[in-house]
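To start, the structure under review is shown below, and the notes come after it.
Quick note on labels: first sequence line is chain A, next is B, and so on, each numbered from 1. Since the structure is predicted, the reported quantities are computational estimates derived from the model, not experimental observations.
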There are 2 protein chains.
Amino acid sequence: MSAFAERLTTQSARSETVMEAVARRIESLIRSGELRVGSRLPPEPQLAVMLGVSRSSLREGLKGLMFLGLIKARPGHGTYIQSSLGRGASRHFKWMLLLREVKYLEIYELRKILEPAVAALAARRASPEDLEKMEAAILGMKSNFARPEQYMACELAFHEEFGRAAKNAAIEMMLRMMYAALAEGRRRTLPLIADFESNWRRHQRILRLIARRDAAGARRAVLDDLRYAETLLRKDLKAQENFRSKVGEIQLEPSKTKRKAPAKLQRADLKQG
Amino acid sequence: MSAFAERLTTQSARSETVMEAVARRIESLIRSGELRVGSRLPPEPQLAVMLGVSRSSLREGLKGLMFLGLIKARPGHGTYIQSSLGRGASRHFKWMLLLREVKYLEIYELRKILEPAVAALAARRASPEDLEKMEAAILGMKSNFARPEQYMACELAFHEEFGRAAKNAAIEMMLRMMYAALAEGRRRTLPLIADFESNWRRHQRILRLIARRDAAGARRAVLDDLRYAETLLRKDLKAQENFRSKVGEIQLEPSKTKRKAPAKLQRADLKQG
DNA sequence: TGGCTGACTTTGTCTGACAAACTATGCCTC
DNA sequence: GAGGCATAGTTTGTCAGACAAAGTCAGCCA
């Protein structure tokens, strides 16, 4: 009868690793209210004794939580539970892009679903402070037409404030994940803004409509901007494809690209991997 | 002029930790094409030499990536790069719920934005296999009205197939994150399904409309289901609030056990987290 | 041929130690 | 008395070496 359900609930019988146990234990401490955002965890040696594991194992578990952005260690100070909306998750998203499991065009499809709705929410809910911050970001963009790096930083700030203005933490987290992942792969997004001034004008229009509480207008403006950016992306992808098919065979040699490795990793040589 | 941009680009000058370096190094290996999904990483001792770090530090870095679901270690076998859509990220989402940084109602607002659009996409793109799998999940639900655990497992399976049918990896990842997080906090979602049969009927209707390629109908059906579930959630939240306000004062002693609180966890048995 | 044993590989965990970063206290100088 | 500096103490970061556990695989024997 319930064969389908059986198959689903069958867990892999692998014994739980200490790392997982540490994470679950700390989770339960949060659930019980003993730990909350900002709390300091007991020192590592003490915590290791409490949990009955060695310090190294404990640290591996903590590192996992750090990667997720859920805790933050300050040397000589302590380890704290951190308020983090999408900090760690964006790294996850970035990897999906790296591994080509997620395509840029797919992200734009997602954005076209999410962001117009977010714009409508922002038009209804944005506080004066939100509007001020978005305005500041817009001004920052305007004064940096000639400096791509800084222009992009301001644009990212605008988008983050935009997400925050919708007054929904789940949405804010999702958007931050996407934006952070996109910003990291800036190679791909930077050339898309052929004309900073035109890009800036579209953003300014979005802000103006939000400030006027014009939900429908803001929704349309965001969708327009995304459509425009998507068109550029499509062109860029096609150009790159042509480039690859032409140059692909020539540059078959392994990545000899000089990359500045951090000092501590100088001995790195992974050719045999 | 560009003070705003300056403030944004100012990084915290904290020296990079080995863990971060390890992660970046492996990232660059993926970027250069030396590693891809399914690749086996070199053994830990060897990799440690390559990166010029000790095995313990390397392991901490790897654990971080494991938590994100990006690599998977098999004892006695090796460590592999894993294809993971939202496996690690869902844990992140769950924590946000735990820490009360994200509220359940906010997730429902997000779902009401996302899922109707996804339903429309699924109606256009679902393959026969997708429809079969959703059908199987629906059947599984039907035969488990009396077994809540298994019913929920089947419902989760239905939603995952639903997300997959939209044929967009970014969307699939987002949905899996949400569903996994909601499923973990099942305390909250289980009682919401007052009547399994009614819940099942709504799901069946969604599937039928997707199978008929009725995008608009599927969109409406999903929105209806979400509205219904949200109503139940609102009632449940209100009931819980009443309960808290009655029982809350009695054990209102969070600050008294401030620093020494974890002390009672000494020798805590890990297995019962 | 088939199954079992043993060596080998690889990850999991533990112990102990020292370095680095930050805090806080107390001393010394002005 | 006030302020700067040095020192001790706390806490995380990193390293080294060792053994256990788990899985693979070749080779031996019935």
Check whether Ser57(A) reaches the backbone of Ser54(A) with its side chain - one donor and one acceptor, N or O, closer than 3.5 Å.
no
At 4.0 Å (heavy atoms only), tell me whether Ser57(A) reaches a base, stays on the sugar-phosphate, or touches nothing.
sugar-phosphate
Atom pair distance, as rounded to whole Å: CG in Leu62(A) and C1' in dT14(D)
15 Å
Can you tell whether the side chains of Glu161(A) and Arg164(A) come within less than 4.0 Å, N to carboxylate O?
yes
Length of the line joining Lys72(A):NZ and dT11(D):P, which is rounded to integer Å:
19 Å
Is a donor from one side chain sitting under 3.5 angstrom from an acceptor on the other, for Arg25(A) and Ser28(A)?
yes
If I take atom OH in residue Tyr80(A) and atom C1' in nucleotide dT23(C), what distance separates them, rounded to the nearest angstrom?
11 Å
Partners of Tyr179(A) by ring-ring contact (aromatic ring centres under 6.0 Å, His included), sequence neighbours excluded?
His159(A)
Arg36(A) backbone acceptor or donor facing Arg100(B) side chain under 3.5 Å
no
Kindly compute the distance separating CE (Met96(A)) from CD (Glu101(A)), expressed to the nearest 0.5 Å.
4.5 Å
Are any protein N/O atoms closer than 3.5 Å to N/O atoms in nucleotides 6-11 of chain C? If there are, list each pair with its distance.
| unit_1 | atom_1 | unit_2 | atom_2 | d |
| --- | --- | --- | --- | --- |
| dT10(C) | OP1 | Arg40(B) | NH2 | 3.3 |
| dT10(C) | O2 | Gly76(B) | N | 3.2 |
| dT11(C) | OP1 | Thr79(B) | N | 3.3 |
| dT11(C) | OP1 | Thr79(B) | OG1 | 3.1 |
| dT11(C) | OP2 | Glu44(B) | N | 2.9 |

Check this one for me: any side-chain N or O of Ser54(B) less than 4.0 Å away from OP1 or OP2 of dA16(D)?
no
Measure the distance from CG on Leu58(B) to P on dA16(D) and round it to the nearest whole Å.
13 Å
Can you measure Leu47(A) atom CG to dT11(D) atom P for me and round it to whole angstrom units?
12 Å
